[in-house]
Student: 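Okay, here's the structure, questions in a sec.
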There are 2 protein chains.
Amino acid sequence: MEPIKVAGITFRLDATKPFYEQIVAQVCGALARGELGLEERMPSVRELAQLLKVNPNTVMRAYQDLERSGLLVTYRGQGTFTTNKPEPVERIRRELAHGAVQDLVGVMRQLGLSREQTMTLIQEVDWE
Amino acid sequence: MEPIKVAGITFRLDATKPFYEQIVAQVCGALARGELGLEERMPSVRELAQLLKVNPNTVMRAYQDLERSGLLVTYRGQGTFTTNKPEPVERIRRELAHGAVQDLVGVMRQLGLSREQTMTLIQEVDWE
DNA sequence: TAAGTGTATTAAGATATATAATACACTATA
DNA sequence: TATAGTGTATTATATATCTTAATACACTTA
C-alpha cells in the first residue's frame, strides 16, 4: 500500500489494526508533528473515504473520535476542521507518549529487564 | 480480578485482550524472569482452565502457541512441560524486548519526539 | 481397568469491524 | 431559489475473531 497524502496528512493503512484507529493515529501524528496546523480544513468524510478506499462510516467514526478528543471541530454543512486551540494537541501528544512509555515499561518489567538495560536497547535503535 | 498463582506462574486476566494471548504473555514472563524454571510441569489444560475460569480450548490454544515458540513441550498422555533448553527462552525474551522497543520508537517518531526526549520520559517512570 | 493426560471436532454465540444503501439537515453559492 | 457539498443517522448485512460448550478419541500411569 502506497501512502496517500492529503491536506498535510500522510495516510498508510494496513490490516494490522482497525482502519478507524489508524486514521485517528495518523491525524494525531500529523497534528503532533505540526504537519497539520490549527484551524485547517480536513478532507470531507466522503472525499477521504474515497481516497482511502474505505466506507464513509469508517471515516466518520475516526472523525468523531478525534472530535471527542478535542482535536477536530465540525460545523454542520460546512465541514470538519482542526481545532484552533493548541492545548488539546499538546495534551494528546503527552497522553500518547506517556501511554507508549507505560506499555514499554510494562513489557520490560514482565521480562525482568532493568531501566538501564532498556535504555541500552533504545540507544541501539535507528531513530531516523 | 485477583491474581491466580499456580506452578510459579501468576495469572491475571482482564478483558483488554484475548485470554489466550494473556496466558501466553504471562507464561512467557514467568519463564523470562526465571520464576518458572526449565523442565517443569505445567498445570494440565483442564486444571488451568478451571482455575482461570475459561474454556479448556482457550488454554489449549495458548499452550499450542507456546509449544510452537519452543517454550513448552507436550507428551501425549503425560502432560505439558517447559522446555529443557534455555535458548528458546532467551530468544523469546529478546524478541519481546525488541518488539516493545520498536513499538515505542514507532509512536515516538510519529509524535516527532527525539531519542533524547524519549529517554527523559523513561527516566521519569517509576520502575519498581 | 480407571483416572488423568493431550487432542480434535462441531456447533453456537458474542463482539468488533467494515461495507452498503438511504435518507435527512444544514450551508454556501451559482 | 435551486443545487451541490457538507455532516449525521439508520438499518441491514457480511466477515473475522474470540470464546464457550459438548463430545469423542488416543495415550500414559497407576
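In what follows, chains are A, B, ... by sequence order, proteins preceding strands, each numbered from 1.
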Student: Output every pair passing ring pair (Phe, Tyr, Trp, His ring centres under 6.0 Å) with a member in residues 78-118 of chain B, not counting sequence neighbours, ordered by first then second residue.
Tutor: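 Checked against ring pair (Phe, Tyr, Trp, His ring centres under 6.0 Å) - neighbours excluded - the pairs reaching residues 78-118 of chain B are B/Tyr75-B/Phe81.
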Student: Taking atom CD of B/Glu67 as the centre, report whether more than 12 heavy atoms of other residues, nucleotides or ligands fall under 6.0 Å from it.
Tutor: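 Check passes, neighbour count above 12.
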Student: Counting only pairs under 3.5 Å, give me each side-chain donor-acceptor contact of residues 52-63 of chain A, with atom names and distances, residues two or more places apart or in other chains.
Tutor:
| from | atom 1 | to | atom 2 | distance (Å) |
| --- | --- | --- | --- | --- |
| A/Asn55 | OD1 | A/Asn57 | N | 2.9 |
| A/Arg61 | NH2 | A/Tyr20 | OH | 3.1 |
| A/Tyr63 | OH | A/Pro43 | O | 2.7 |

Student: Within this structure, what is the CD-to-P distance between B/Gln64 and C/dT9, rounded to whole angstrom?
Tutor: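 B/Gln64 atom CD is separated from C/dT9 atom P by 11 Å.
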Student: Would you find a donor on one side and an acceptor on the other, under 3.5 Å apart, between the side chain of B/Gln22 and the backbone of B/Lys17?
Tutor: yes
Student: Determine which pairs satisfy salt bridge (Lys or Arg N to Asp or Glu O under 4.0 Å) with at least one residue from residues 24-38 of chain B, sequence neighbours left out, and list them in order.
Tutor: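 Salt bridge (Lys or Arg N to Asp or Glu O under 4.0 Å) check on residues 24-38 of chain B returns B/Arg33-B/Glu35.
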Student: Kindly state which residues belonging to residues 55-63 of chain A come within less than 4.0 angstrom of DNA chain C, counting heavy atoms of the residue only, listed by number.
Tutor: A/Asn55, A/Asn57, A/Thr58, A/Arg61
Student: What pairs with B/Glu40 under salt bridge (Lys or Arg N to Asp or Glu O under 4.0 Å), at least two apart in sequence or on another chain?
Tutor: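 Salt bridge (Lys or Arg N to Asp or Glu O under 4.0 Å) check on B/Glu40 returns nothing, list empty.
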Student: Is a donor on one side and an acceptor on the other found under 3.5 Å between the side chain of A/Arg115 and the backbone of B/Val125?
Tutor: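 The answer is yes, because a donor-acceptor pair under 3.5 Å joins these two groups.
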Student: With A/Arg109, which residues qualify under salt bridge (Lys or Arg N to Asp or Glu O under 4.0 Å), at least two apart?
Tutor: none
Student: Please enumerate all residues that pass salt bridge (Lys or Arg N to Asp or Glu O under 4.0 Å) together with A/Arg94, with sequence neighbours excluded.
Tutor: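 Testing A/Arg94 for salt bridge (Lys or Arg N to Asp or Glu O under 4.0 Å), a comparison that skips the adjacent residues, returns A/Glu90.
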Student: Looking at residues 72-81 of chain B, who's got a heavy atom less than 4.0 Å off DNA chain C?
Tutor: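 Under 4.0 Å from DNA chain C: B/Thr74, B/Arg76, B/Gly77, B/Gly79, B/Thr80.
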Student: Tell me whether A/Gln50 at atom CD has more than 12 heavy atoms from other residues, nucleotides or ligands lying less than 6.0 Å away.
Tutor: no
Student: Under 4.0 Å, heavy atom to any atom of DNA chain D: which of residues 16-27 of chain B qualify?
Tutor: B/Pro18, B/Phe19, B/Tyr20
Student: Have a look at the helix from C/dT1-D/dA30 to C/dA30-D/dT1 and give the angle its two end axes make, five pairs each, rounded to 10 degrees.
Tutor: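 Terminal axis comparison yields 10°.
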Student: If you walk 5' to 3' along DNA chain D, what is the first nucleotide with an atom under 4.0 Å of a heavy atom in chain B, and what is the last?
Tutor: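 On DNA chain D, the outermost contacted nucleotides are D/dC18 to D/dT29.
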Student: Considering residues at least two apart in sequence or located in another chain, which fulfil the salt bridge (Lys or Arg N to Asp or Glu O under 4.0 Å) criterion with B/Arg41?
Tutor: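 Salt bridge (Lys or Arg N to Asp or Glu O under 4.0 Å) list for B/Arg41, sorted by chain: empty.
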